[in-house]
Structures are given as structure tokens and as C-alpha cells.
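To start, the structure itself, in C-alpha cells.
Numbering starts at 1 and runs along the sequence shown.
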Amino acid sequence: MQPWFPDAKLGIFLHYGIYAVKGVPESWAMYQGQLSREDYLAQLNGFTAANYDPKAWAELFADAGARYAVLTARHHDGFALWDTAFGDLNVRQTPAGRDLLQPYADALRERDLKVGFYYSHSDWTHPLYASVRNQGEATWVNDNRFVGPPEGQPDDPAAWEKYLDYRDGQVGELMDRYHPDLLWFDGEWERSEAQWRLKPLAERILAANPQTILNARMLSYGDYATPEQGVPILPPDGPWELCLTVNDSWGFQGHDDNHKTVRQLVRYFVETIGAGGNLLLDVGPREDGTITAPQAERLRGLGAWIRRHSEAVYATVAGLPAGHHYGPSTLSADRETLYLMCFDTPRETIGLRGVRNQIRKISVLGSGEELSHHADHGLHDVPGVKWIKAPTTEDAYATVIAVELDGELDLYRGTGRV
């Protein structure tokens, strides 16, 4: 794992494709029968990218406090946002008529943001994709006509190998042309790992750039876990990233006004980084390439909170386990400063349990207000509770209290002694 990834804390996910023309649920609109294949692909004629401005995207992402972004280079529908030499379903067939990936990669790098691409192993419009059935656990996918052969028709392994050659060719183009820092794969559930031929694919990617990070949907060859739409109660082992939509939709759906508030996004963000993960926050641009005002406003609102509390965000690690503080926390890289997050206005005192260290200083990030504390005596090996005086200043979304310790965090995790 490259060190930039766990230090990044926030990435922006972009679901951008022809599904934005009618504002339907991405490739799923075709898969689930909301649109016929013909009507779904007719959206090609309305995909203009007329106001596509990746420099404006990059500026917005930087304002949000993000350190990387992931763009859907190709979703399950097989539509490629670049002028690929493998397959005919790509941006050249649309009024946009040009490669959209290179300007995106250039704009991000100008802002010192890491470049990520989403790519689906699945392709529900490729003529050779539905040539074999899933041989793993998810046999239910075989019932969909875009995934497996019709009932009574045998598998065609030779056709499947040609499909994989096509997929590998496109992934090779992404590596050789754009040199991404991260590849975010999807669709892996539709075949077994052996069927996907992942080992040579991973070798091809890493031969082009040994520092490329791969998500867990490369199965055995993935570097980090990708839970979706809810902070896990028990965080995954190792590096991980929470994928979360700003409203309820991945791509643009004009009717979806159920946007999370900035306060809610701050909470999701803090709970995620406090548990050692990154937040990959998703927005869905319109077909012309513009990000809606409600989504842009929320990104900027989150970014403003991050700027006020950057010390507690970047170059930190997971904070205290549950029970030591009633809220998330982070810990400085040298493990000598705790950052306690308070979503509600603290009253009287804030309790900090199980910390053996002496405290050098306590202050409120943003205002600089210093706070006093006192400690109970504890008993035997159980340290007393450190009671921190509630601050008189607070943040609108989450107040952060920096607790400077007399050395590396020394945490009691025992059950007490009778």
C-alpha cells in the first residue's frame, strides 16, 4: 500500500456516463429492465459533455479537502469515456466525440490530486460477455440475459477468453495512456476469481506502474476494502474506504433531492477516519459535465470544516476504540496527540477513559481555547477518568478537542480487578 492512500482521508467518486442523459440508475436501468437495451443505448445521442471542465472539477475537489478522485472510465454498460481501440462503444459515438480521461488526469495532477479510474470487469452490452456462466458462489447472476447464456445453450469458453482479451486491452490502455495512481474495479461478483483471469491482469497493471493501488474488487490482488453506503460497525482489517453518495444516487438523477446535509457528511467523514478509513464521496455530474449546485455546495461545506480542523484529519491514524470517548477520535502520527470529536454541545465536562498518560495541554481546534481538566484517582491498574472542562466555543458541525499527551498514547484495555 502506497503511503499517500491512508493519509489522503477523502476522495471524490464520479459516476459519469450516458446514464446521465435520462437520469436513470446507471447501467442498472438496462439490467433490471427499466429501459430496453435499445432505449438505454439511445442515450449515446444525448451525451454532449458540452460544459465538461475538469479543471473546475479539480478546483472543487481541492476545496472539498480531497486528495484523490475516481472517475467511472467504464461502467457495467461497456461505455468507455475514452477513444479506446478495443470495442466500438465509446465516447467517439457521442456528440462529445473526444477523450474525456486525459483532461481529467491532467487537471487533477495540476492540483496535486491523485488520479483514479473506475473500471467494471462486467460489460452487459459486449457480444461475448454472456458466453459463460458464473462458476463461483453467485450463480444467481446466470439468470440475467446480459450475464449468462440462455437456458439450454452451452458455455463458450473460447468466446469468454476473447472477452477477457478485450477487457485486458482496455485496462492496458488506461495504464499506458493515463498512468493512474489507483484503479477501482467493480463487477467482480459475476464470475469466480479464476474465470476473471485476475493474476495476469494484476501483473499487467503492476508492470506498467508498480505503485498503482487496486481495490478489493480485484479479489486476491486488491489492496484495500470498499464497504458502501454505511460506516461499518467493525472496520475491515487493513486499509479501507467507505463509498458514500451525497444524495441517494450514484449517477445524476434529477429527481433525487435527498441530499445529505453538511453536518451529516462531516459526521460520516469523522466516523470513517476515526476508524482508520478513507471516505470516497460520490457525486453524479449531468450529461454536460457539470456538477449540480447542491452537491458542489456540500463538497465545499465539508471542505471548510476540514480546513478548520486539518490537524485532526491529515497525517493521523485511527483513534480510540469505542468506550474511551463518546464519539470518534483520531490520533496524530507520532501517537502523542488525541483529537476528540464532539457532535453535540459538550455540557460541563467531557470524559476520557482508560488513558494512562499525563496530559500536557488541551485546546479546541479552530478557536485555540485552552481547557482545564482533572482526573479521578482510579483503582489498582485502572486509570481514573480524565474530566475535561466543556469548551465555551463550538463548531457548527463538530467540535474538535486536541489532547496533548506526555508521550505515546498508553491505553488501558483491561477488565478491572476485584
Side-chain angles (χ1 to χ4, degrees), residues 3 6-7 9-10 65 231 233-235 263 266-279 304-418:
D7 286 342
K9 306 305 179 185
L10 179 66
V231 180
I233 303 301
L234 294 176
R263 185 187 305 276
V266 168
R267 184 160 189 150
Y268 273 112
F269 177 65
V270 168
E271 289 176 341
T272 299
I273 66 172
N278 288 356
L279 178 63
W305 184 91
I306 292 174
R307 280 190 294 279
R308 293 194 297 272
H309 304 93
S310 60
E311 177 185 330
V313 173
Y314 305 116
T316 63
V317 296
L320 297 166
H324 293 274
H325 160 63
Y326 291 110
S329 61
T330 58
L331 182 63
S332 60
D334 63 8
R335 305 186 65 82
E336 293 187 3
T337 303
L338 275 168
Y339 300 99
L340 309 180
M341 316 291 181
C342 302
F343 296 125
D344 300 312
T345 303
R347 298 181 180 180
E348 187 180 77
T349 54
I350 300 161
L352 180 59
R353 301 169 57 199
V355 175
R356 294 191 180 100
N357 304 72
Q358 296 298 309
I359 293 176
R360 293 175 49 238
K361 179 183 175 182
I362 304 174
S363 59
V364 181
L365 289 193
S367 72
E369 178 185 1
E370 292 195 22
L371 305 177
S372 61
H373 79 284
H374 69 277
D376 291 342
H377 294 297
L379 182 64
H380 303 308
D381 54 341
V382 181
V385 177
K386 292 174 169 58
W387 296 103
I388 301 169
K389 184 180 179 181
T392 60
T393 55
E394 63 176 314
D395 185 87
Y397 301 130
T399 302
V400 181
I401 297 172
V403 181
E404 299 177 26
L405 308 173
D406 64 353
E408 291 191 19
L409 175 66
D410 184 6
L411 203 59
Y412 174 75
R413 296 289 289 160
T415 56
R417 180 154 42 113
V418 177

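Side-chain contact check for Asp410 and Asn357: no donor-acceptor pair (N or O, by modelled atom type) lies under 3.5 Å.
Minimum interatomic distance between Arg356 and Asp381 (heavy atoms only, all atoms of both residues): NE-O, 4.5 Å. Between Ala398 and Val266, the shortest heavy-atom contact is CB-CG1, 4.0 Å. When every heavy atom of Ser332 is checked against every heavy atom of Val317, the shortest pair comes out as O-CG2, 4.3 Å. Minimum interatomic distance between Gly351 and Val385 (heavy atoms only, all atoms of both residues): CA-CG1, 4.1 Å. Among all heavy-atom pairs drawn from Leu365 and Ala312, the shortest one is CD1-CB, 3.8 Å. Smallest separation of non-hydrogen atoms from Gly368 and Ser363: O-CB, 4.3 Å.
Looking at Ile350 and His373, their side chains never come closer than 4.5 Å, going by heavy atoms from C-beta outward. Within the 4.5 Å cutoff, no side-chain heavy atoms of Glu394 are placed close to those of Val364. Looking only at side-chain heavy atoms (C-beta outward), Leu10 and Asn278 stay at 4.5 Å or farther from each other. When side chains are defined from C-beta on, Phe269 counts as touching Lys9, because their heavy atoms get closer than 4.5 Å. Inter-residue side-chain proximity for His324 and Val355 is flagged as unmet; no heavy-atom pair is nearer than 4.5 Å. With a 4.5 Å cut-off on side-chain heavy atoms, Thr330 and Val400 do not count as touching.
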Stepwise side chain to side chain contact (heavy atoms under 4.5 Å, CB included) test for Ile401 and Ile362: CA-CA 7 Å; Ile401 297 172; Ile362 304 174; 3.4 Å; yes

Applying side chain to side chain contact (heavy atoms under 4.5 Å, CB included) to Ile359 and Leu405, what does each step give before you reach the verdict? CA-CA 5 Å; Ile359 293 176; Leu405 308 173; 4.2 Å; yes

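To the nearest 0.5 Å, the span separating CD on Glu348 from NZ on Lys389 amounts to 10.5 Å.
Looking at Glu369, its side chain does come within 3.5 Å of a backbone N or O of Thr393 through a donor-acceptor pair. Within the 3.5 Å criterion, the main-chain N or O of Gly65 finds no donor-acceptor partner in the side chain of Arg307. For the pair Ser329 (side chain) and Leu320 (backbone), a donor-acceptor distance under 3.5 Å is present.
Shown here is Glu404, whose CD atom has more than 12 heavy atoms of other residues, nucleotides or ligands within 6.0 Å. No more than 12 heavy atoms of other residues, nucleotides or ligands shown are found within 6.0 angstrom of CZ on Arg353.
The side chain to side chain donor-acceptor pair (under 3.5 Å) analysis of residues 308-323, with sequence neighbours excluded, yields the pairs Trp305-His309, Arg308-Asp395, Glu311-Tyr339.
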